[in-house]
Trainee: 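Pasting in a structure now, in structure tokens, and then I'll have a few things to ask.
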Amino acid sequence: MLNLPAFPAKFLIFVNKNTHTKNRFMKPRSLVDIGNYGKDDILRILKSAAKFKANPNRDYLQGKVCATLFFEPSTRTRLSFETAVNRLRGRIVGFSDAATSSSSKGESLKDTIMMVSNYTDLIIMRHHLEGSARYASEISPVPIINAGDGANQHPTQTLLDLFTIYETQGTLENLTITIVGDLKYGRAVHSLIQGLAHFRPTFHFVAPEELKIPDKYKQFCDKLAIRYREFSDFSPEAINSVDILYMTRVQRERFTDLMEYEKVKNVYVLHNDMLADSKPNLKVLHPLPRVKEISQDVDDNPKAYYFQQAKNGMFTRQAVICDLLGIEVE
Amino acid sequence: MKKELQVAALQNGTSIDHIPSDQVFKVVSLLQLDKLGNPITIGSNLTSKKMGKKGIIKIADKFFREDEINRIALVAPNVNLNIIKEYEVVDKKNVALPDTIIDIVKCNNPKCITNNEPMPTRFDVIDKEKVKLRCHYCEIRIEKEDIILK
Ligand SMILES: [Zn+2]
């Protein structure tokens with residue numbers, strides 16, 4: 001009965017995109033967002049990361065070229081990815097900040113991605129614009145790894161956090177995790193909550209009033225029946241009963257009221273004596289860089305695990321790269 | 001007493017009645033009527049018992065697909081949309097908010113890729129009742145009163 005008109009171009013895009021979303025339920029082709037990784041995906045990556053930790057130098061990427069496109073500079077993350085590729089004997093092309101890339105000449109992200117995907121087998125990108133990695137994954141014929149898109153996502157950070165928790169606790173199930181510091185803006189914190197959600201965690205959120213965990217994440221926990229408590233001071237109660245103490249930076253620029261910052265800046269700092277009555281299996285993690293929130297005297301405590309955590313980033317990234325390229329890790 | 005029609009009757013086509021008067025031209029643009037060659041009658045600021053003032057659009061020999069109709073759900077969710085054949089209403093359609101809204105709404109996050117790259121926007125409707133959207137790219141949530149059309 002209906003007299004169908006010719007499809008305008010916009011609707012053709014609509015149809016294509018719909019088919020694309022179906023891919024989200026298959027084995028992921030790109031790593032954009034930790035929310036797209038189910039429990040099985042996470043465990044598969046962690047198992048493979050453990051194999052790389054036992055033996056990091058392998059020739060799985062022989063003959064392959066990976067791009068590191070850092071539209072926004074991040075030396076720490078870039079070195080971790082590039083070392084991961086190097087230890088797999090892959091080659092790397094790319095740039096370390098937008099000033100040396102063609103985007104400084106006004107080239108669109110799409111054109112840069114299309115050009116680089118002509119040359120490479122995988123693209124690792126960091127960009128200051130939110131959603132840039134998702135968009136790149138929709139247009140790129142090769143897998144995309146999101147190495148941070150503005151304040152939005154940084155999924156390999158989450159996977160390395162999960163790997164470190166798994167490694168130190170022997171499990172991810174039924175753990176109690178205290179998260180301290182900037183819970184409002186902390187991207188690593190939000191993704192960690194999402195990533196751990198598959199494993200029946202209990203959270204203790206310790207933050208100053210101005211940087212409390214947003215309602216969105218409390219609702220997320222409520223919906224999944226995940227237990228949590230909120231603390232406004234960094235009390236022994238939040239340390240002594242838990243398995244993981246995840247510290248983050250409280251940054252001055254996040255405060256609208258600088259008086260408030262002055263009041264709290266020394267409150268959310270971990271000193272070695274505060275760990276005296278903690279559980280034997282407790283480990284202290286931090287996404288790094290740290291400023292003052294973990295005092296130097298903690299570093300020699302065997303419960304301090306943030307430097308090993310950073311090192312685990314490399315093994316986790318080796319695992320992610322191989323997973324996306326369909327390489328079986330022996 | 002003979003009642004005078006405010007807008008001429010339609011022989012075949014689609015009639016969209018009870019459009020809020022201030023949204024008539026948005027409906028025109030969302031349905032891309034400006035690109036059609038068909039005869040189109042547009043009435044605005046007509047008197048309506050129900051609404052005070054209303055708009056009405058009649059498009060001759062044009063029948064929309066559901067996803068086209070649903071494009072107007074954000075601006076005019078309560079219209080009466082009738083399919084007319086030989087001056088008779090043969091079908092009535094309801095406008096429904098789709099699960100996904102492509103390239104109609106602007107993202108409110110200035111740091112979103114969609115505001116910095118020539119590309120269509122895309123929003124998932126996370127609450128149809130309260131009309132809450134989430135950007136498919138930057139994941140920001142937008143409440144009904146903050147929705148801006150592109
Ligand atoms: Zn957006």
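Given the structure is predicted, the values throughout are model-derived calculations rather than measurements. To find a chain, count down the sequence lines: A is the first, B the second, and so on, and within it residues start at 1. What you see below is based on every heavy atom in this structure, not just the backbone, and it leaves out hydrogens, waters and symmetry mates.
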Trainee: Can you name the closest pair of heavy atoms from Met125(A) and Ala136(A) and give their distance?
Mentor: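 What the structure gives for the nearest pair is SD-CB, 3.5 Å.
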Trainee: Tell me, please, whether Tyr137(B) has Arg134(A) positioned over its six-membered ring: NZ or CZ under 6.0 Å from the ring centre and within 45 degrees of its axis?
Mentor: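 Here Arg134(A) fails the 6.0 Å and 45° test against Tyr137(B).
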Trainee: Where does Lys110(A) contact chain B at under 4.5 Å (heavy atoms): side chain, backbone, both or neither?
Mentor: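 Both parts, backbone and side chain.
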Trainee: I want to know whether Tyr261(A) and Phe255(A) have ring centres closer than 6.0 Å.
Mentor: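 Yes, ring centres under 6.0 Å apart.
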Trainee: Whether Lys218(A) engages the ring of Phe205(A) as a cation-pi pair (distance to the six-membered ring centre under 6.0 angstrom, angle to the ring normal within 45°) should be assessed.
Mentor: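 Output no; distance or angle outside limits.
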Trainee: Going by an N to O cut-off under 4.0 Å, is there a salt bridge joining Lys150(B) and Asp103(B)?
Mentor: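 Asp103(B) and Lys150(B): salt-bridged.
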Trainee: Mind checking side chain to side chain donor-acceptor pair (under 3.5 Å) for Asn80(B) and listing every partner two or more places apart, or none if nothing turns up?
Mentor: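 For Asn80(B) the side chain to side chain donor-acceptor pair (under 3.5 Å) partners, ignoring immediate neighbours, are His18(B).
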Trainee: Between Phe70(A) and Arg126(A), is there a cation-pi geometry (under 6.0 Å to ring centre, at most 45° from the normal)?
Mentor: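 Because its charged atom misses either the 6.0 Å distance or the 45° angle limit, Arg126(A) does not stack over Phe70(A).
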Trainee: Just to be sure I understand the criterion: a residue of residues 107-114 of chain B counts if one of its heavy atoms is under 4.5 Å from a heavy atom of chain A. Which ones qualify?
Mentor: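 Asn109(B), Lys111(B), Cys112(B), Ile113(B), listed by number.
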Trainee: When heavy-atom pairs shorter than 4.5 Å are enumerated against chain A, which of Pro118(B), Cys135(B), Cys138(B) gives the highest number?
Mentor: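 Answer, by heavy-atom pair count under 4.5 Å with chain A: Cys138(B).
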